[in-house]
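First up is the structure itself, then whatever we jot down about it.
Proteins get letters first, then strands, A, B, ... in listed order; numbering begins at 1 in each. Note that these values count all heavy atoms, side chains included, but never hydrogens, waters or copies made by symmetry. If you're wondering where the values come from, they're calculated on a predicted model, not measured in any experiment.
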Amino acid sequence: MTEYLTRLNPEQRAAVEAVDGPLLVLAGAGTGKTRVLTTRFAHILMTRRAFPNQVLAVTFTNKAAKEMRERVSSILGQSAEGLWLGTFHALCARMLRRNAELVGLSSNFTILDTDDQMRLLKQIMAAANIDTKRWTPQVLMGAIQRWKDRGLTPDRVTDAEDIDFANGRARTLYAVYQDRLKQLNATDFGDLLLHVTEILRNNPDVLANYHRMFRYILVDEYQDTNTVQYLWLRLLAQRPDPAERNICCVGDDDQSIYSWRGAEIENILRFEKDFPGATIVRLEANYRSTRPILGAASHLIANNAGRMGKTLRPGRNDAEGDKVRVVSLWDSEEEARMVGERIEALRRDGHRLTEMAILVRAGFQTRAFEERLITLGVPYRVVGGQKFYERVEIRDAMAYLRVLNQPADDLAFERIVNTPKRGLGDTGIRAMHDLARREGKPLVVAAWRMIETGALRPKPRQALHELLEGFARWRAALPHEGHVVTVATLLDESGYTDMWKQDKSPEAAGRLENLKELLRALGEFESLAGFLEHVALVMENDENPDADRVGLMTLHAAKGLEFDTVFLPGWEEGLFPHQRALDEGGDKGLEEERRLAYVGITRGRQRVIISHAANRRIYANWSSAVPSRFLDELPEEHIQRDGGASAHRNKMASMPSAFSGQFPLVARKPRVAEAGAWEVAARPSRSATMPVGQRVFHQKFGYGRVVAAEDNKLDVEFEQAGRKRVIDSFLEKA
DNA sequence: ACCGGCCAGATTTTT
DNA sequence: TCTGGCCGGT
């Protein structure tokens, strides 16, 4: 029965078996954190300490939640449905739906996306006559988010926490924003946590109920919790009997990389004070990486102050391996070439592409690698980037669904009222707004009123009337026709699909495809409301993860993942550590960048290849770059430094001393130098192998036809992606 | 209501 | 260099 325990090492086992009382598990990278968490969950159930619904298990990502769910159910040998297992946001949404009325919402409230939040805030600022040039909505949005991250409702924001905005009106605007959300029966992301925390604070009976319910609490990635999340956890964990405060937090202070999103590394550093008598278990045996990789990572992170302290040691007998390579290159193009070559070489040796990843500091860096991989014909996958549910057509369709689900959803209604065009412009919508505000009614009600009173010209009036009647009809059809059929009808009858059918742009076909995909996804849910909730909280759709592709992503996106081979390009001052992190965060910022570097290195199992380029194009012009200080913080014994491809040795020799391989002589400048003196040889122009009219294929843009050619640059009209200018070598004849 | 031109801004973004 | 947001003209 306790067979699952024998698969653990002593420290892991200690973490699993210390079930009673508060426990902090400091889990270094690759030390079996997830295994401990899931085994502990299962252990609690197997030893009958609690029923499945009496355990609260919290993660940050949907992915982590899914993984935990799968692993728990595999240990238990049964499905893990109905558990309180999920992301902070998903769990809070669930709690809030149970008690929405306590914060003035009804349980079918809408969760707004950032787009909606922004529009709402702009409206509020416009109504308050604020000069949005001088005081941007982005800044206010940021402040509101930070306040919410810290558990501050408008009345709790003190002078010290106020920002300089619109002559001290930020707090008032925040209050107005919250009122509007309430009127709209909507919340933003931050509200999910904020409202629930507020409910738990103000309603002892509700809190007591949860105290009775949740006998055990498990928290993943504790180092990333922000203040509201911390407050929420603490409220739930502080059960009346101190002996029953069974909260287990797992985390790694060295992997805290989200302070800019409100994460408080203090939460983990302070755990023992918050929960007196807490046990602390350190997981330090790393089963993932080779000795040199661990040595490099440990040596680097040792430069940070204020750590909980923890040393990774190889947990495998076969931990010997290649040294971590540091490659110096001439420019970012050569860097991309080097990475491409190594990927090809590994591939020839039988390594799978899914076991390789290129981890960059900033999104724009992916482009150079994408282009290179396309020329080489190496399949890749960009993790992150634009998400399915962020596309216009999906957002529009979702807005229709939201209105169907909740007529009072003004933001959604406003989005679709003139999409497709119904002849309602700014003026019409403003009139509708004014009327709605005067009467304190939702926009839909105002819209009906305007039709009745004849305040509109005949054309918009008729179109609007049709739309509103449509909604009444679709809503009536919903119960007996089912949500999938009803939504399909809605998209047709509202004219939305027609709008794209008549659109001659090359993207239109793809958009219609996406709408079909949306319907398919909708079919997987039992109800419209369930689907809307899912989309609001999840926002992802993973396409065939089986395909063998190189991963291309930011360091942030790579957290929690691991690969045999990891490329870490762009280790240059100003880029990594990023200049802005240094400017805004000072030493704290630098330390977080260093943790990011630590996260990057520890993603690798067998091979880590770090690189930096002496020249990098930033926007328009080339500028020279100083190697990152992190390169100097790597231990020589585990590092092998080398130049780029041999073909470039000559160039290397003529480089300034900043680039002589060890670069100790150059004083480091705080900023990337603006020099840009070196000309880079132009790519040799090819003969016109792709004549105008040639049908071509591009890995990223798909099929298209060449419409113009100039040297090796071709203008191609792509069927899906539209007209693009591309280099001929990125194309294949089709 | 819609289109084209001009200007600022261009890290990271689990939900 | 490329993009998105805003303004002014049709």
Side chain of A/His89 only, heavy atoms from C-beta on: which candidate in B/dT15, B/dT11, B/dT13 is closest? B/dT15
Among B/dT15, C/dC2, B/dT12, find the nucleotide with the atom closest to the side chain of A/Arg367. C/dC2
Is there a donor on the side chain of A/Arg261 or the base of B/dT15 sitting less than 3.5 Å from an acceptor on the other? yes
Nucleotide by nucleotide, 5' to 3', does protein get under 4.0 Å of the base (B), only the sugar-phosphate (S), or neither (-) in nucleotides 5-10 of chain C, counting heavy atoms? --S---
According to side-chain hydrogen bond (donor to acceptor under 3.5 Å, both in side chains), who are the partners of A/Arg71, at least two apart in sequence or on a separate chain? A/Glu67
What residues, two or more places apart in sequence or in another chain, satisfy side-chain hydrogen bond (donor to acceptor under 3.5 Å, both in side chains) together with A/Glu198? A/Arg156, A/Arg201
Output all residues satisfying side-chain hydrogen bond (donor to acceptor under 3.5 Å, both in side chains) with A/Arg94, sequence neighbours left out; order by chain, then residue number. none
Enumerate the ring-ring contact (aromatic ring centres under 6.0 Å, His included) contacts for residues 115-149 of chain A, please, sequence neighbours excluded, ordered by first and then second residue. A/Trp135-A/Phe165, A/Trp147-A/Tyr174
To the nearest Å, how far apart are A/Met553 CE and B/dT14 P? 13 Å
Side chain of A/Arg580 - closest among B/dT12, B/dT14, B/dA10: B/dA10
Look at the side chain of A/Arg361 against the base of B/dT12 and say whether a donor-acceptor pair falls under 3.5 Å; ignore hydrogens and angles. yes
Taking the basic N atoms (NZ, or NE/NH1/NH2) and the acidic carboxylate oxygens, is any pair closer than 4.0 Å for A/Asp583 and A/Arg580? no
Hits for ring pair (Phe, Tyr, Trp, His ring centres under 6.0 Å) against A/Tyr222, two or more places apart or cross-chain, chain-then-number order -> A/Phe271
Closest to side chain of A/Leu537, choosing from B/dT12, B/dT15, B/dT11: B/dT15
